[in-house]
2 protein chains.
Amino acid sequence: MVQGMILRERYSRETGREYVLRILKENIVRLELEPGGRISENELASEIGVSRTPIREALIELSKSKIVEIYPQKGSYVSLIDWDLVEEAQFMRLTLEKAVIRLACEGMEEEKLKGLEKNVKLQQFYVENGETDELLEMDNQFHKELFEITNKVHIYKLMSGMILHFDRLRTLRTKTVDNQYVVDDHMAILDAIRMKDPDKGEYAMDRHLTRHVIDEEIVRSKFPQYFKSKKS
Amino acid sequence: MVQGMILRERYSRETGREYVLRILKENIVRLELEPGGRISENELASEIGVSRTPIREALIELSKSKIVEIYPQKGSYVSLIDWDLVEEAQFMRLTLEKAVIRLACEGMEEEKLKGLEKNVKLQQFYVENGETDELLEMDNQFHKELFEITNKVHIYKLMSGMILHFDRLRTLRTKTVDNQYVVDDHMAILDAIRMKDPDKGEYAMDRHLTRHVIDEEIVRSKFPQYFKSKKS
DNA sequence: ATCATCAAACTAGTATACAAGTTCACAGGT
DNA sequence: ACCTGTGAACTTGTATACTAGTTTGATGAT
């Protein structure tokens, strides 16, 4: 039995596969399904209340982004946090987000900025009230919107599988770090777009996205059982 | 009945899903399954000789990279060539490959270049003998190896779904264009790595990957039925 | 006590039956 | 002739039965 597993209501137009995916992602990111932990298709099926088919389809998708691992005839597991993989994901995200912010800084209608500005204001609110989960969601939303207004939604979707790896790490460090910098970073990024300054934008994005790397070592020593042993 | 569909032998350790994926990708890229054409899970199942389950799993995966489209309870289709999507894929690929070639140029053991050099020699051979399909495969292989030696395999895999969109286009133009430039481009890229010159590498990669864009308009007018109508 | 063997209880992969929704053509009334 | 409704033949989504391979643990021989 999966103890702390978070279950949500199923949306009306949601297929079983989509529903299961949503549930699994949330529980993996929030570490209710522990890194390295075993997953049983049958168990999940009865737990979530659907058959094995949508469970399988969701697991296959998650295995594509290496967030779960499927060993045929043996079992499926939530992937341990793989440092090399996180670095590769970081490289991918950094590269793409810097390219996208440059695009955004090269010219953007005022109107498209409205959403971003509203988002940042909400972030400030959540930080002041210590609502960390909501802040995390707005953070992701901010970046997603950047891809949307530059017409790069598909790229974002492909990347978002990788982002799960980050979100897991962020869950681990929520209690220990000050989140004000998230808002400040996003403000700097917004400024760069307003000033149409790609270099400033790229710099601000780089600083924002590489901030995490700093405290990984601390988290690693705090939760060694969640990590794959480092480097080859 | 799917008329010209190419069937291959199933590898011994290959799961049904992997097998079907391999078959479908090849037939989509080679346009045996026409852009816009309808796909029936049942039809494919009897054609390929497996049940609907592995077919479905393969189709779901392909729909993630937008190379097929699934409309629940209605039907599945091979996606029309979507110009916007191809541009987005182009942006993604260009961005990532330039970042990777810079990495490669910043330092690489001699030994890791062996594979690339061998690859280019084979390319030259295939060009001289007009073996276009084999050249295409070596071209992809060349880029894949670049990601491998820089430790970015997962990124390549994520990208490779997008690359299918390119490969389809390349199939359309094979009869009309001279392929010698492919080899020349790759030689220039190799040179840049040897000289440890990231700027030259990025330049060469950019030129190589943007060469296609030039003749798209011609292909588009030649096979209008394969394309989605342009821009919004 | 220790090791080998074998069976039972798992695993994921696949096939198939069924459910639910869509399309389309044909029949029948106007 | 034309519109309308109805049902059969599709579609994909889901549940379930079955296959084949792996693990595990108990049993029995040494």
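Each chain gets a letter, A, B and so on, in the order its sequence line appears, and its residues count up from 1.
A search for side chain to side chain donor-acceptor pair (under 3.5 Å) contacts involving A:Arg102 returns A:Asp199, A:Glu202, not counting sequence neighbours. Residues forming a side chain to side chain contact (heavy atoms under 4.5 Å, CB included) with B:Lys64 (at least two apart in sequence, or on another chain): A:Arg17, A:Glu61, B:Ile60. For A:Asn151, the side chain to side chain contact (heavy atoms under 4.5 Å, CB included) criterion is met by no residue, not counting sequence neighbours. Partners of B:Glu18 by salt bridge (Lys or Arg N to Asp or Glu O under 4.0 Å), not counting sequence neighbours: none found. Among residues two or more places apart in sequence or in another chain, the side chain to side chain donor-acceptor pair (under 3.5 Å) test is passed with A:His165 by none. Evaluation of the side chain to side chain contact (heavy atoms under 4.5 Å, CB included) rule for A:Ser46 yields no partner, not counting sequence neighbours. Residues forming a side chain to side chain donor-acceptor pair (under 3.5 Å) with A:Glu14 (at least two apart in sequence, or on another chain): A:Arg22. Checked against ring pair (Phe, Tyr, Trp, His ring centres under 6.0 Å), A:Phe227 has no partners two or more places apart in sequence or in another chain.
An end-to-end axis angle of 20° holds for the helix from C:dA1-D:dT30 to C:dT30-D:dA1, taken from five base pairs per end and rounded to 10°.
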Study note, to complete from the structure: With sugar-phosphate taken as primed atoms, P, OP1 and OP2 and all else as base, the protein-contact string of nucleotides 11-18 of chain C at under 4.0 Å (heavy atoms; B, S, -) is BBBBBBB-

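Checked options A:Arg38, A:Lys228, A:Lys74; the residue passing with A:Glu69 is A:Lys228 (criterion: salt bridge (charged side-chain N to carboxylate O under 4.0 Å, His left out)).
Pairs passing the side-chain hydrogen bond (donor to acceptor under 3.5 Å, both in side chains) check and including a residue from residues 152-161 of chain B, sequence neighbours excluded, read A:Glu88-B:His154.
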Check: protein-nucleotides 5-7 of chain D nitrogen or oxygen pairs below 3.5 Å:
none

